S.K.: 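Here you go, one structure.
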Amino acid sequence: MIFRQLFEPDTSTYSYLLACERSRKACLIDPVASETERYVALLGELNLRLVHTLETHVHADHVTGAAALREKLGSKSVVHRDAGALCADLLVTDGVPLQVGGLEIEVRHTPGHTNGCVSYVMVDRVFTGDALLIGGCGRTDFQQGDAGQLYDSIATKLFTLPPDTLVYPAHDYQGNTVSTIHQEMAKNPRLGGGRSREEFIALMAELKLPYPKYIDQALPANRICGGTPSVCQG
Ligand code: FE
């Protein structure tokens, strides 16, 4: 497998390139629109063909590169059925297996940060979007966020993975790049160390988080896959 972790510093967003060495087919998880040229160059350098862009959710902090990449490279965008982005090429639900050449990726519905959040599971790693972050989790105060639902998603869909599964989140603001399920279960200050559902809900209700700086541009754009209304109608 070919694997690259890519960072967009303005919104501290991680995107991930995964590709099958044999077929040269690739997918990008959570691509950022402003980085499109960088992705195109990297795919060219590695001699890869982008077949899918996979969204972990409809992002409030940056515009997705799904539409730009679809236009340039013909990739198909993938998003959960409940995410509210009906322009996607493939609307997925919990348990759907995705195939990128010889790579197999399982969709797990992990709502709570938004109702359409998914994690993407591979053999030894999981891409958790904003559900589970390294030493944190996504906020639950907008986009149909629900702290109790997020707790249940993490407890039943992520903390049940093998402990040495690598955790790759959609963001990190402290320079961390990767964690494990074991590390988050033991040390995550919000829901590790056996913290109860009630404690987690109370803690999330107390967070006084600022309004995300690009939400007013990002949400409307991402509901149409990061495109413009004329591109995505129908
Ligand atoms: Fe988010």
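Note that the coordinates shown come from a computational prediction; the quantities given were computed from them, not determined experimentally.
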S.K.: Say whether, by atom type as modelled, one donor and one acceptor occur between the side chain of H109 and the main chain of V118 under 3.5 angstrom.
M.R.: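 No; judged by distance alone, with no hydrogens or angles, the pair does not exist.
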S.K.: Answer yes or no: is there a side-chain heavy-atom contact under 4.5 Å between I215 and F142?
M.R.: yes
S.K.: Is the backbone N or O of G136 less than 3.5 Å from a side-chain atom of N188, with the two atoms forming a donor-acceptor pair by type?
M.R.: yes
S.K.: Taking R195 for its side chain and P189 for its backbone only, find out whether a donor-acceptor pair lies under 3.5 Å.
M.R.: yes
S.K.: Identify the two heavy atoms, one from T177 and one from I134, that lie closest to each other, and give their separation to 0.1 Å.
M.R.: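 Here T177 and I134 meet closest at C-CD1, 3.9 Å.
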S.K.: Roughly how far, to the nearest 0.5 Å, is the NE2 atom of H57 from the NE2 atom of H59?
M.R.: 5.0 Å
S.K.: Would you indicate whether the side-chain heavy atoms of F127 and P169 approach each other to under 4.5 Å?
M.R.: no
S.K.: Hey, could you give me the CG/CG distance between L219 and D61, rounded to the nearest 0.5 Å?
M.R.: 9.0 Å
S.K.: Does a donor on one side chain sit under 3.5 Å from an acceptor on the other, for E55 and T64?
M.R.: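 Their side chains do contain a donor-acceptor pair, which is all the 3.5 Å distance test asks for.
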S.K.: Crowded around R38 CZ? As in, over 12 foreign heavy atoms under 6.0 Å?
M.R.: yes
S.K.: Below 4.5 Å, heavy atoms only, C-beta onward: do D94 and K157 meet side chain to side chain?
M.R.: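 A side-chain contact under 4.5 Å exists here.
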S.K.: Rounded to the nearest 0.5 Å, what's the gap from CG on L133 to CZ on R139? Could you check?
M.R.: 12.0 Å
S.K.: Which atom names give the shortest non-hydrogen contact between S75 and T53, and what distance separates them?
M.R.: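 Where S75 meets T53 most closely, the heavy atoms are OG-CG2, 3.9 Å.
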S.K.: Is a side-chain N or O of N222 found less than 3.5 angstrom from the main chain of H62, in a donor-acceptor match?
M.R.: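 At least one qualifying donor-acceptor pair exists.
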S.K.: Enumerate, atom names and distances included, each donor-acceptor pair closer than 3.5 Å involving a side-chain atom of residues 77-88, sequence neighbours excluded.
M.R.:
unit_1 : atom_1 : unit_2 : atom_2 : d
S77    : OG     : D89    : N      : 3.2
S77    : OG     : D89    : OD2    : 3.2
H80    : ND1    : D82    : N      : 2.9

S.K.: Would you compute the distance between atom OG1 of T128 and atom OH of Y14 and round it to the nearest 0.5 angstrom?
M.R.: 11.5 Å
S.K.: Has the side chain of H52 got a donor or acceptor atom that lies under 3.5 Å from a matching backbone atom of C27?
M.R.: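 Here the side-chain-to-backbone pair does not exist.
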S.K.: Give me the atom names and distance for the closest heavy-atom approach of S153 to P111.
M.R.: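 In terms of heavy atoms, the two residues are closest at OG-O, 2.6 Å.
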S.K.: Are V178 and V123 grouped together when hydrophobic residues (ILVMFWY) are joined by side-chain heavy atoms under 4.5 angstrom apart?
M.R.: no
S.K.: Does the D30 side chain pair with the main chain of T56, one donor and one acceptor, at a distance under 3.5 Å?
M.R.: yes
S.K.: Quick check against the 3.5 Å criterion: does E8 have a side-chain atom that pairs as donor or acceptor with the backbone of D10?
M.R.: yes
S.K.: What about Y214 and V58, same hydrophobic cluster or not, with Ile/Leu/Val/Met/Phe/Trp/Tyr joined at side-chain heavy-atom distances under 4.5 Å?
M.R.: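 No: no chain of side-chain contacts under 4.5 Å links Y214 to V58.
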S.K.: Using the ring-ring contact (aromatic ring centres under 6.0 Å, His included) rule, collect all pairs that involve residues 85-107, keeping only residues at least two apart or in two chains.
M.R.: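 Residue pairs passing ring-ring contact (aromatic ring centres under 6.0 Å, His included), neighbours aside: none found.
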S.K.: Give, for atom CD of E71 and atom OG1 of T36, the distance between the pair rounded to the nearest 0.5 Å.
M.R.: 10.0 Å
S.K.: Linking Ile, Leu, Val, Met, Phe, Trp and Tyr by side-chain heavy atoms under 4.5 Å, what else ends up with V40?
M.R.: I2, L6, L17, L28, V32, Y39, L42, L43, L46, L48, L50, L69, L73
S.K.: N115: which residues meet the side chain to side chain donor-acceptor pair (under 3.5 Å) condition with it, sequence neighbours left out?
M.R.: none
S.K.: Would you check, one step at a time, whether the test side-chain contact (heavy atoms from CB on, under 4.5 Å) holds for D216 with Y211?
M.R.: CA-CA 10 Å; D216 295 329; Y211 196 66; 2.9 Å; yes
S.K.: Taking only Lys NZ, Arg NE, NH1 and NH2, and the carboxylate oxygens of Asp or Glu, determine whether E184 and R190 approach each other closer than 4.0 Å.
M.R.: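 Salt bridge absent between E184 and R190.
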S.K.: Rest of the hydrophobic cluster containing I181 (Ile/Leu/Val/Met/Phe/Trp/Tyr, side-chain heavy atoms under 4.5 Å)?
M.R.: V121, V126, L132, L150, Y151, I154, L158, F159, L161, V167, M185, L191, F200, L203, M204, L207, L209
S.K.: Determine all donor-acceptor pairs shorter than 3.5 Å in which one atom belongs to a side chain in residues 97-107; sequence neighbours excluded.
M.R.:
unit_1 : atom_1 : unit_2 : atom_2 : d
Q99    : NE2    : G101   : O      : 3.4
E106   : OE2    : R108   : NE     : 3.1

S.K.: Please round to the nearest 0.5 Å and tell me the distance separating atom CG of L54 and atom OH of Y16.
M.R.: 13.0 Å
S.K.: Under 4.5 Å between any side-chain heavy atoms of E35 and S15, yes or no?
M.R.: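 Answer no - side chains too far apart.
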